[in-house]
**Q** 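Below: one structure in structure tokens.
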Amino acid sequence: MTEHLDDNNLMERAKSGDDRAFQELFKKYQHGVLNFFHRMCFNQTTAEDLAQETFLRLWRARHGYRSEAGKFSTYLFQIAKNCWFNHADKKKRRTGLDEGEAAEYAEAGSRADPAGLAESSELQGELRDAIGALPDDLRIPFILSRYENLRYEEIGRVLSISPRTVERRVSDAAKLLAKRLIGK
Amino acid sequence: MTAMTDCPEIGERLYSFVIGECDLDTADGIRAHVRSCPDCAEELKRMRRVVLLTGKLETINPSRDLCREVVSRIKPPLFWLKVAGTAAAAAVLIVALLYAVVGLPETALTTEEKAAVSAPKNEGDVEIAGDNRPSPGLSSSQKEQIPTFPDSGDDSVAQSSSPDGGRTEPARDEPVRNDAERQESVAAAPKPGADRTQEGEAKESAPAMTPEKPAAVAKVGNLEGEFKVKRTGSEEWKEGSVLLSILPGDTIETNPLGQVRIDFADGNYVYVNTNSLVNIAGSGEETLLKIHKGEIYCEKVSAEGELAIDTGFGEVRAKTGSFDVKMFGPNQCLLHVLSGEVKCHESEKGNKGQYGELTRAWLRRGRHCEKGTRLRSKEDFRWAMKLRPPKEDEDTTKHAGTPAKQDQPGKQDPGVPPAGTLPKPGDQQGQKPGDGESGGKVGPGPSPLPPAPGGAGPGPGGGHQPGGNQGGMCPPGGKK
């Protein structure tokens, strides 16, 4: 039964074209990946699209996966990170929004998660604002650490930086969040 | 124990200490330090609070069945390879059988065909029917004896309930099997020039050679749920089925649960998603579909020609790769390119696109933007458009057998809900009918539209009604 196989075994099976094994991995990690993206952009639709893209890339890149190279989750979040950077790169090019477009973009974000918006408390709004205000290089390690429970070493592999750098960035992110959420 | 007295260093590690990422020595050092340093003790409290607060951030669940969507995208190629292999093997076998068993009695037919074919030239298109692509060993007359897709408009095409889409049956088997059926259907509903493989009836009907029925260009390769098809020149909608032959000009409509895969002869295939309305405008050197509502996912497999989706206000074209076009009303769609490259024409403005690196964009009548954001210049975005001579624009409308006058996208019922938001299985949210028509008040997500933050602004696309933007696309440097 695939449930009892670890990620590496599932991935090995996926490499040989077993889409059921791939589905197992999908089910296991989709929530984490989806929420990773959601915390990066707070837009459910974008998060879902990016999560989907991540798994599609994983499928396409499955033959390049080497189980001895590290944990599967590290590999997956490397792909997720790349998806995010691709997404962010495009956003960077869009700096000149006119008013209507900016409103549209913002509206798309809120529209995508109307239920969440309606139910969100003030705290949720503050958290979104605070996390959303972090620069990517701080936000990604912070989210991977805080929410995906990746160790600094793993995050370092995901981001190709040293664990010490990860620690600094996570710490900087936490300080910025403290400043914003708690105040001086 | 490490003596940590440096506040900045301690401060840098407090968060790690709180979440348990410090080694034991460091943790002991921090504990010792904060006992004697009120500032760091205070900072430690703040870090604990940050951990506490950030832990309250909501999590989300997928609003749609992402797994199903992903798997549906990863499966087709595998499936197609399997089917293509099976079909090819079966085709070879059947041709061999024709040689060996039947002894090619169609010799006489060939001369009739030659006579018949010599009159109208547009009959042909035999080669474009992929599954029925003639084997190299066949003569040209033999090619014509083995019709491509058998029936021209006969909805009673054999069905298959095989779970993998019914393509396990060799395609070339169908013409043989359907000859008898065809005779009946031709007799019952005379369709001039319908079938030149039948000796008796064909002799009588062929000479008249009134408008010939075009050859089938595709088949329904897989079906979930239900769909309807409307044949060219007919106003009647009929229920579709797996293996149904698709003719140029046919219109397909899926219901809220219907999803259809259309396999084109050259190997390209498209998925028509739920609640979609699509017209098969042509196939041959290029495959052209017109989407009026809903969503099409396209896989351009063949390296030859182009696969084009006409949105009514523009075209998306690909030479290879996969892309998805989702309509949000008659004036807007979302394009998502998963692989390969696409180019776009804006048909009304006569602009011509170049192949580029776009992966996702909003396409609108009169302008193009990406995720609600203006594309600014050709430098920013290599997908930029170029003007082309107006007469070239006409090409986009002369694809074989495109009727579609009655299906002008611009005339879409304004009450039709934008399709991409239709209730796919697993969808939790629905979009109000007409949301997509409200001058651009659409978005990738379903749903009620709260007022745009900031309130001002015309709202998405509010100022961009059809024709609202003269230049179309992205004026160089414009709208910065």
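Order of the sequence lines sets the chain letters (A, B, ...), proteins ahead of strands, with each chain counted from 1.
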**Q** Any idea which heavy atoms bring K56(B) and Q124(A) closest together, and the distance?
**A**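 Nearest pair, atom of K56(B) first, then Q124(A): O-NE2, 2.6 Å.
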
**Q** Pick one of side chain, backbone, both or neither for Q30(A), based on which atoms fall under 4.5 Å of a heavy atom in chain B.
**A**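 The side chain, not the backbone.
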
**Q** Could you check whether any side-chain N or O of Q44(A) sits under 3.5 Å from a backbone N or O of I60(B), counting only pairs where one atom can act as donor and the other as acceptor?
**A**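 Judged by distance alone, no pair lies under 3.5 Å.
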
**Q** Working to the nearest 0.5 angstrom, can you tell me the gap between K179(A) NZ and R46(B) CZ?
**A**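 Here the interatomic distance stands at 9.0 Å.
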
**Q** Nearest 0.5 Å please: distance from the CG atom of L123(A) over to the OG1 atom of T54(B).
**A**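 Answer for the CG-OG1 pair, L123(A) versus T54(B), is 10.0 Å.
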
**Q** Where does R164(A) contact chain B at under 4.5 Å (heavy atoms): side chain, backbone, both or neither?
**A**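 Side chain of R164(A) only, per the 4.5 Å heavy-atom cut-off to chain B.
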
**Q** For V18(B), is it the side chain, the backbone, both, or neither that has a heavy atom closer than 4.5 Å to a heavy atom of chain A?
**A**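 V18(B) has no heavy atom closer than 4.5 Å to chain A.
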
**Q** Looking at G11(B) and S171(A), what are the two nearest heavy atoms and their distance?
**A**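 So the two residues come closest at O-OG, 3.7 Å.
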
**Q** Under the side-chain contact (heavy atoms from CB on, under 4.5 Å) test against R146(A), which residue among L57(B), V50(B), V51(B) passes?
**A**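 Only one of L57(B), V50(B), V51(B) forms a side-chain contact (heavy atoms from CB on, under 4.5 Å) with R146(A), namely V51(B).
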
**Q** Please find the pair of heavy atoms, one from Y147(A) and one from G55(B), that lie closest to each other, and give the distance.
**A**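 Nearest heavy atoms, Y147(A) then G55(B): OH-N, 4.5 Å.
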
**Q** Is there a side-chain contact between E167(A) and E12(B) (heavy atoms, below 4.5 Å)?
**A**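 They are not in side-chain contact.
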
**Q** Taking side chain as everything from C-beta outward and backbone as N, CA, C, O, which of these in L53(B) sits under 4.5 Å from a heavy atom of chain A? Side chain, backbone, both or neither.
**A**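 Both parts, backbone and side chain.
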
**Q** Under a 4.0 Å N-O cut-off, is there an ion pair linking K175(A) with E43(B)?
**A**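 Judged by the 4.0 Å cut-off on N to carboxylate O distance, K175(A) and E43(B) do not form a salt bridge.
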
**Q** Take a 6.0 Å sphere around NZ of K71(A) and say whether it holds more than 12 heavy atoms from other residues, nucleotides or ligands.
**A**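 Counting neighbours around NZ of K71(A), 12 or fewer heavy atoms of other residues, nucleotides or ligands fall under 6.0 Å, so no.
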
**Q** Just by modelled atom types, is the H31(A) backbone N or O under 3.5 Å from a matching donor or acceptor in the N61(B) side chain?
**A**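 Checked: no pair found.
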
**Q** Check P62(B) against L34(A) and note the closest heavy-atom contact, atom names and distance.
**A**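 Scanning both residues, the minimum pair turns out to be N-CD2, 3.4 Å.
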
**Q** How long is the gap from CG on L181(A) to CG on L52(B), to the nearest 0.5 Å?
**A**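 Interatomic distance, L181(A) CG to L52(B) CG, rounded to 0.5 Å: 11.0 Å.
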
**Q** Which bit of Y152(A) is near chain B, if near means a heavy-atom gap under 4.5 Å: side chain, backbone, both or neither?
**A**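 Both the backbone and the side chain of Y152(A) come within 4.5 Å of chain B.
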
